[in-house]
2 protein chains.
Amino acid sequence: MHTYTTSRIALPSRSSQPALPEAFEPALLQPLSFFPAGAEIYAQGEKAGPFYQVEFGAVRIYRLLADGRRQISAFHLAGETFGFEADSTHHFFAEAINATGIRVFRFATGADISRQLLPLALKGLTRAQEHLLVLGRQNAIERVAAFLLDMAERQGGLQPIELPMSRMDIGDYLGLTIETVSRVFSRLKDKGVIRLSSLRSVEIVKHDALQDMSE
Amino acid sequence: MHTYTTSRIALPSRSSQPALPEAFEPALLQPLSFFPAGAEIYAQGEKAGPFYQVEFGAVRIYRLLADGRRQISAFHLAGETFGFEADSTHHFFAEAINATGIRVFRFATGADISRQLLPLALKGLTRAQEHLLVLGRQNAIERVAAFLLDMAERQGGLQPIELPMSRMDIGDYLGLTIETVSRVFSRLKDKGVIRLSSLRSVEIVKHDALQDMSE
DNA sequence: CGCGACCTTGATTACACTCAATGCGCGTGG
DNA sequence: CCACGCGCATTGAGTGTAATCAAGGTCGCG
């Protein structure tokens with residue numbers, strides 16, 4: 001991992017998320033850290049403390065079972081914030097999916113940042129609970145449809161949608177195998193609902209059809 | 001729904017959760033509200049604002065798909081708090097499972113309660129993300145085992161465990177059908193892992209076996 | 001005591017998983 | 001610039017777990 005000490009750089013971000021605070025007060029000076037593909041940002045069991053904002057690239061948050069089964073609970077794209085925990089320990093792993101730039105915010109002991117963190121925590125809670133519905137009650141097509149629509153929305157509806165993650169990541173996020181994800185992509189392509197300009201680049205042709213499928 | 005205006009009553013709660021604040025400051029006077037079994041506490045789409053603490057009884061938080069499929073994202077037992085939202089709208093339904101007493105906290109506009117709410121929101125976030133692993137990557141036996149261990153822990157390890165909810169509620173929480181839940185209970189009973197003193201009262205005989213199954 | 005809601009059990013089906021082989025795309029090195 | 005190799009993705013065949021459909025059984029309450 002290589003750490004820049006610049007305090008501000010041009011943002012390659014194409015995120016259209018509602019603007020997040022560019023800095024948190026009272027935050028200590030935040031270096032920009034660079035993580036190559038696959039690099040660990042933090043591990044389950046590690047001490048938590050700072051939190052993190054994606055400048056460019058993408059991050060996966062996940063948990064493992066003893067036998068290696070993996071559940072990705074969230075992806076974080078440019079502009080999004082993660083890493084806050086209920087107690088002082090990380091309950092999940094965080095890894096860079098691709099080359100990723102991350103701003104790390106640390107706080108003076110005693111600083112009260114709850115006012116800034118609460119909306120982010122509540123947003124994450126709502127997202128997680130909505131994802132429970134997908135995993136608990138939707139079939140493979142519905143899951144993939146919901147995922148594509150979510151990615152589209154988080155990229156501001158810009159076409160095509162860029163998927164920074166592999167089919168395996170998508171499977172581990174949706175509770176499906178890589179093969180099932182692939183088959184659903186193929187079916188959606190055959191039906192003319194989506195078009196794949198490349199493996200990681202999806203164009204939604206029939207938005208309404210996808211919406212219907214997602215419920 | 002019937003509302004008492006007593007500001008303090010004896011608590012039938014048997015929860016051994018870490019003590020939650022008995023009152024939030026600066027909260028307005030909180031009446032105790034009584035909800036009979038099945039009563040709606042709030043609905044998806046309703047305006048949010050106050051939040052809620054279970055005094056006795058149990059609550060289910062859920063979401064519906066258009067065709068009626070239901071996912072329960074959380075149960076809340078005595079002592080637990082729920083109802084806070086990312087924006088001013090409820091994204092879920094909340095219903096009393098049984099006869100339930102709930103304290104409703106409302107706040108003066110402008111009051112900053114983020115310091116008190118943040119730990120609760122973060123706890124909920126961790127719980128939801130852990131449940132994602134169960135729904136995404138565990139089979140029926142593992143799901144039921146994890147559920148029973150969770151209920152046991154939240155009741156302080158007291159035996160037997162009281163299940164305030166129906167098999168259907170359990171199924172909708174675990175992403176299973178009522179039949180599958182029933183079959184798994186039967187299998188666990190036949191194996192001598194649990195004992196059912198009644199339908200809603202479970203004794204964990206082989207705690208270790210259950211723990212092994214839950215992962 | 002009888003009814004109705006809830007639960008259990010059985011038989012069959014279906015959807016996604018597993019195992020296996022092939023295909024594609026990209027980076028590297030000749 | 002092309003060929004090779006490797007990682008990732010697709011496609012196919014067969015299997016298995018949980019869903020569905022259906023029939024009883026049990027519990028609790030009026």
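Everything quoted here is computed from the prediction, not taken from an experiment. Naming convention: chains lettered A, B, ... in sequence-line order (proteins, then strands); numbering from 1 in each chain.
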A.B. asks: Using a 4.0 Å heavy-atom cut-off, does A:R200 contact any base of the nucleic acid, only the sugar-phosphate backbone, or nothing at all?
C.D. replies: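 Touches sugar-phosphate only.
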A.B. asks: Please state how far atom CE in B:M165 lies from atom C1' in C:dA5, giving the value in whole angstrom units.
C.D. replies: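 Going from B:M165 (CE) to C:dA5 (C1'), I get 18 Å.
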A.B. asks: Do the side chains of B:L135 and A:Q71 get nearer than 4.5 Å, heavy atoms only?
C.D. replies: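 Side chain of A:Q71 against side chain of B:L135, heavy atoms only: no contact under 4.5 Å found.
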A.B. asks: Under the criterion salt bridge (charged side-chain N to carboxylate O under 4.0 Å, His left out), I'd like the reasoning laid out for B:D169 against B:R70: C-alpha separation, chi angles, the key distance, then a yes or no.
C.D. replies: CA-CA 9 Å; B:D169 285 336; B:R70 181 179 71 159; 2.8 Å; yes
A.B. asks: List the steps and the verdict of salt bridge (charged side-chain N to carboxylate O under 4.0 Å, His left out) for A:R69 and B:E142.
C.D. replies: CA-CA 13 Å; A:R69 282 175 287 176; B:E142 293 170 330; 2.8 Å; yes
A.B. asks: Rounded to whole angstroms, how far apart are CD1 on B:I141 and P on D:dA18?
C.D. replies: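 Result: 7 Å.
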A.B. asks: Write down the distance between CZ (B:F185) and P (C:dC6), rounded to a whole number of angstrom.
C.D. replies: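 In whole Å, C:dC6 P and B:F185 CZ are 16 Å from each other.
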A.B. asks: Taking only the side-chain nitrogens and oxygens of A:T177, find out if one of them lies under 4.0 Å from OP1 or OP2 of C:dT18.
C.D. replies: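 Answer no for this pair, as no side-chain N or O of A:T177 is under 4.0 Å from OP1 or OP2.
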A.B. asks: Over how many whole Å does the gap from B:I178 atom CD1 to C:dC6 atom C1' extend?
C.D. replies: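 It works out to 7 Å between those atoms.
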A.B. asks: Tell me whether the side-chain N/O atoms of A:S182 come closer than 4.0 Å to OP1 or OP2 in D:dT11.
C.D. replies: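 No, no such contact exists.
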A.B. asks: So for the helix from C:dC1-D:dG30 to C:dG30-D:dC1, with five pairs setting each end axis, what is the inter-axis angle to 10°?
C.D. replies: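 The angle, to the nearest 10 degrees, is 40°.
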A.B. asks: Is the shortest side-chain heavy-atom distance between B:M165 and B:M151 below 4.5 Å?
C.D. replies: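 In short, these two side chains touch, coming nearer than 4.5 Å.
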A.B. asks: Between A:R137 and A:K189, which is nearer to the 5' end of DNA chain D once each is assigned its nearest nucleotide?
C.D. replies: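 Between the two, 5'-proximity favours A:K189.
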A.B. asks: Go through B:T100 and B:I102 one step at a time and tell me if the side-chain contact (heavy atoms from CB on, under 4.5 Å) criterion holds.
C.D. replies: CA-CA 6 Å; B:T100 297; B:I102 289 180; 3.7 Å; yes
A.B. asks: Take A:I194 and A:V205 through the test side-chain contact (heavy atoms from CB on, under 4.5 Å) and record every step on the way to the result.
C.D. replies: CA-CA 5 Å; A:I194 60 172; A:V205 181; 5.6 Å; no
A.B. asks: We want to know whether B:H91 and A:E130 form a side-chain donor-acceptor pair, criterion being a heavy-atom distance below 3.5 angstrom.
C.D. replies: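 Not at all, the side chains of B:H91 and A:E130 share no donor-acceptor pair under 3.5 Å.
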A.B. asks: Checking contacts here: which listed nucleotide (C:dC7, C:dT18, C:dT9) is nearest the side-chain heavy atoms of B:E179?
C.D. replies: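 Shortest atom-to-atom distance from the side chain points to C:dT9.
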A.B. asks: Just the rounded figure in Å: distance from P of D:dA18 to CG of B:L176.
C.D. replies: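 Rounded to the whole Å, the gap is 8 Å.
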A.B. asks: What integer distance in Å separates A:L163:CG from D:dA9:C1'?
C.D. replies: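 It is 13 Å, rounded to the nearest whole Å.
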A.B. asks: Any side-chain N or O of A:R183 less than 4.0 Å from the OP1 or OP2 oxygen of C:dA16?
C.D. replies: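 It does not, given that no N or O in the side chain of A:R183 lies less than 4.0 Å from OP1 or OP2 of C:dA16.
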A.B. asks: What is the per-nucleotide protein-contact pattern of nucleotides 25-30 of chain D, from the 5' end, where B denotes a base atom under 4.0 Å from a protein heavy atom, S denotes such proximity for sugar-phosphate atoms only, and - denotes neither?
C.D. replies: ------
A.B. asks: In whole angstroms, how far is the C1' atom of C:dT18 from the CE atom of A:M168?
C.D. replies: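 Those two atoms, CE and C1', are 13 Å apart.
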A.B. asks: So what does B:G175 touch, heavy atoms closer than 4.0 Å: a base, only the sugar-phosphate, or nothing?
C.D. replies: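 If one applies the 4.0 Å heavy-atom cut-off, B:G175 turns out to touch the sugar-phosphate alone, with no base involved.
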A.B. asks: Find out whether the Lys NZ or Arg CZ of B:R103 is both under 6.0 angstrom from the six-membered ring centre of B:Y52 and within 45° of the ring's axis.
C.D. replies: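 Checked: cation-pi criterion not met.
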A.B. asks: Under 4.0 Å from OP1 or OP2 of C:dC17: is there any side-chain N or O of A:T180 that close?
C.D. replies: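 So the side chain of A:T180 is within the cut-off, an N or O lying under 4.0 Å from OP1 or OP2 of C:dC17.
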A.B. asks: Can you see whether A:Y62 engages A:Q44 through a side-chain donor-acceptor pair at a distance of less than 3.5 angstrom?
C.D. replies: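 No, no side-chain donor-acceptor contact under 3.5 Å.
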A.B. asks: Testing the 3.5 Å rule here: is there a donor-acceptor pair between the side chains of A:H90 and A:E46?
C.D. replies: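 Judged by distance alone, the side chains do not pair up.
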A.B. asks: Do B:Y173 and B:F75 have ring centroids that are under 6.0 Å from one another?
C.D. replies: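 They qualify: ring centres under 6.0 Å apart.
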A.B. asks: Can you see whether B:F92 has B:R63 sitting over its ring - NZ or CZ less than 6.0 Å from the centre and within 45° of the normal?
C.D. replies: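 Yes.
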A.B. asks: Once you round it to whole Å, what is the distance between C1' of D:dT17 and CD of B:E142?
C.D. replies: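 Answer to the nearest Å: 12 Å.
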A.B. asks: With a 4.0 Å heavy-atom cut-off, tell me which residues in residues 62-73 of chain A come close to DNA chain C, sorted by residue number.
C.D. replies: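 Within this stretch, nothing sits under 4.0 Å of the strand.
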